[in-house]
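Reminder, nothing fancy here: chain letters follow the sequence lines and each chain counts from 1.
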Number of protein chains: 2
Amino acid sequence: MAIDVRTICLGLLSRGSATGYEIKKSFEEGPIGYFLEASFGAIYPALGRLTEEGLVGLKVEQQDGKPDRKVYSLTARGHAAFEESLRVDPGPDRFRSEFLFLLLFADHIPKDHLRHLIDERLADYRCKLRLLEEPSIPMPNSPGLEFIRGQGIAFYRAIIDYIEHNRHLLEAQDARVPAHAAE
Amino acid sequence: MAIDVRTICLGLLSRGSATGYEIKKSFEEGPIGYFLEASFGAIYPALGRLTEEGLVGLKVEQQDGKPDRKVYSLTARGHAAFEESLRVDPGPDRFRSEFLFLLLFADHIPKDHLRHLIDERLADYRCKLRLLEEPSIPMPNSPGLEFIRGQGIAFYRAIIDYIEHNRHLLEAQDARVPAHAAE
DNA sequence: GGTTGCATGTAAATGGTTACATGATTGT
DNA sequence: ACAATCATGTAACCATTTACATGCAACC
């Protein structure tokens, strides 16, 4: 069994209790979002199953108009199960990029559109970098979390830097769809 | 429609004809493997569907013991379809790492195992970096491909460098499962 | 008056992976 | 003798995403 949403929930809950909503938020806001993600449609069922299995317990907090807040936390068995799951050897890291796929065919893309594409992606990366650099929500700092945050910063900086210094390779001549002229 | 295996096949075939097997190989060997991937179980059906749709044609080359080599290439309509698919705006890049997930809980992992884990991952990254640095199979160099290769190199270098210089943060004290003592 | 944030959940659709099946040849 | 490379394909299984459903409060 690899590291699925269920295991991720187990892991995050091992740091403290949380609701499904908060787990989702931690992907979006915290420094773990750059290498982990899950949708509500995956989180809620995972939490449900974990409860059935007795690995997490929940405390329901009633609220006015909003649905009840279901605060989950690990049981003793949950902690054990998580500790066990830390033994699996981690699968390969994977980076997927539709953006780079497009750049592969930069010579088929009009110059101005290409520039726009790169500018946007760059803005996107800079935004994510900023999010990591200023940890607005100072998480309980474990050494792991600090390490991860640093790697994220290094990662985004490297890519931004590379794109800034090499985009001219793509934007140089307007190679506007010269290919397959003989089709 | 996002960039699925079908679109990837279309794109790769736009650079020249190939068999399903060769397409798969190009992920493993070439400089595109670090941000694209597909299994045989996805490639062959995609190629089949593309043929049905008249976007690719195939030339069957008979062979002795082996199955026939089916060499696919884009039709005029295939080229048009691909050109069209270059207009979609690329979804976000995604990096997924089970390794970093584990490191998040480095304080729950025995020091020696942790060191082993990091050493392995580092070796893995160095291997991929080498693959990019020496382009043993010199692909038809488009500006896009050179750019992508460079980004891959920058990417791996940054990560390797970061891990080498910061692993001590994780390996410092032996924080061997001190957590949840009060459970 | 519309969007965002809070908060939970379900069900269908998707787009894959994994495992299997086949088989000759070459290398270790 | 065993693994790997070449080469194609099918089918079951799978985890997730996407879209939907609901609804209040606060902000703009």
Side-chain angles (χ1 to χ4, degrees), chain A residues 1-10 17-30 33 35-53 56 58-72 85 88 91-92 94 96 98 101 136-137, chain B residues 1-10 13 17-30 33 35-52 56 58-72 85 88 91-92 94 96 98 101 136-137:
Chain A
M1 206 187 313
I3 291 171
D4 50 13
V5 176
R6 191 178 152 279
T7 311
I8 293 172
C9 288
L10 221 42
S17 31
T19 66
Y21 192 84
E22 285 166 349
I23 288 174
K24 179 83 200 302
K25 257 202 316 183
S26 72
F27 295 124
E28 281 151 13
E29 294 171 3
F35 66 93
L36 287 181
E37 216 200 333
S39 61
F40 284 126
I43 292 170
Y44 286 123
L47 251 17
R49 213 187 117 198
L50 247 17
T51 309
E52 277 175 33
E53 291 173 15
V56 306
L58 73 158
K59 200 168 53 172
V60 182
E61 292 175 10
Q62 277 177 306
Q63 295 186 127
D64 39 313
K66 303 167 200 169
D68 296 347
R69 243 173 82 89
K70 294 189 177 178
V71 184
Y72 295 88
S85 76
V88 305
R94 46 184 51 197
R96 286 300 113 92
E98 300 192 353
F101 175 77
S136 42
I137 299 137
Chain B
M1 206 187 313
I3 291 170
D4 51 13
V5 176
R6 192 177 151 278
T7 312
I8 294 173
C9 287
L10 220 44
L13 289 176
S17 31
T19 66
Y21 192 85
E22 285 166 349
I23 288 174
K24 178 79 199 303
K25 256 202 315 182
S26 71
F27 295 123
E28 282 151 13
E29 295 170 4
F35 65 94
L36 288 180
E37 215 202 332
S39 62
F40 284 128
I43 293 168
Y44 287 123
L47 251 17
R49 212 185 118 199
L50 248 18
T51 310
E52 277 174 34
V56 305
L58 75 158
K59 200 169 54 174
V60 180
E61 292 175 11
Q62 278 176 307
Q63 294 185 129
D64 38 315
K66 303 167 201 169
D68 295 348
R69 241 173 84 89
K70 295 188 175 177
V71 183
Y72 295 88
S85 75
V88 304
R94 47 184 52 198
R96 286 299 113 94
E98 300 192 353
F101 175 76
S136 43
I137 298 135

Please round to the nearest 0.5 Å and tell me the distance separating atom [atom1] of [X] and atom [atom2] of [Y].
{"X": "Arg94(B)", "Y": "Glu37(A)", "atom1": "CZ", "atom2": "CD", "result": "5.5 Å"}
{"X": "Asp68(B)", "Y": "Thr19(B)", "atom1": "CG", "atom2": "OG1", "result": "12.0 Å"}
{"X": "Ile8(A)", "Y": "Leu36(A)", "atom1": "CD1", "atom2": "CG", "result": "4.5 Å"}

Minimum-distance nucleotide (side-chain atoms of Tyr21(A) versus dA15(D), dT8(D), dA7(C)): dA7(C)

Lys25(B) vs Arg96(B), nearer the 5' end of DNA chain D by closest nucleotide: Lys25(B)

Side-chain heavy-atom pair Leu13(B), Leu47(B) within 4.5 angstrom cut-off: yes

Ser85(A): partners by side-chain contact (heavy atoms from CB on, under 4.5 Å), with sequence neighbours left out: Thr7(A), Phe82(A)

Listed partners of Arg69(B) passing side-chain hydrogen bond (donor to acceptor under 3.5 Å, both in side chains), at least two apart: Glu22(B), Glu61(B)

Report the distance from atom [atom1] of [X] to atom [atom2] of [N], rounded to the nearest whole Å.
{"X": "Arg6(A)", "N": "dA15(D)", "atom1": "CZ", "atom2": "C1'", "answer": "13 Å"}
{"X": "Arg49(A)", "N": "dT8(C)", "atom1": "CZ", "atom2": "P", "answer": "20 Å"}
{"X": "Glu29(B)", "N": "dC6(D)", "atom1": "CD", "atom2": "P", "answer": "7 Å"}
{"X": "Leu47(A)", "N": "dT8(C)", "atom1": "CG", "atom2": "C1'", "answer": "11 Å"}
{"X": "Ile3(B)", "N": "dT17(D)", "atom1": "CD1", "atom2": "P", "answer": "18 Å"}
{"X": "Phe27(A)", "N": "dT16(D)", "atom1": "CZ", "atom2": "C1'", "answer": "13 Å"}
{"X": "Lys24(A)", "N": "dG5(C)", "atom1": "NZ", "atom2": "C1'", "answer": "12 Å"}
{"X": "Lys59(B)", "N": "dT8(D)", "atom1": "NZ", "atom2": "C1'", "answer": "19 Å"}

Working for side chain to side chain contact (heavy atoms under 4.5 Å, CB included), residues Tyr72(B) and Ile23(B): CA-CA 10 Å; Tyr72(B) 295 88; Ile23(B) 288 174; over 6 Å; no

Atom pairs, N/O to N/O, protein against nucleotides 9-14 of chain C, distance under 3.5 Å?
| unit_1 | atom_1 | unit_2 | atom_2 | d |
| --- | --- | --- | --- | --- |
| dG9(C) | OP1 | Lys70(A) | NZ | 2.0 |

Below 4.0 Å: OP1/OP2 of dG16(C) and any side-chain N or O of Ser39(B): no

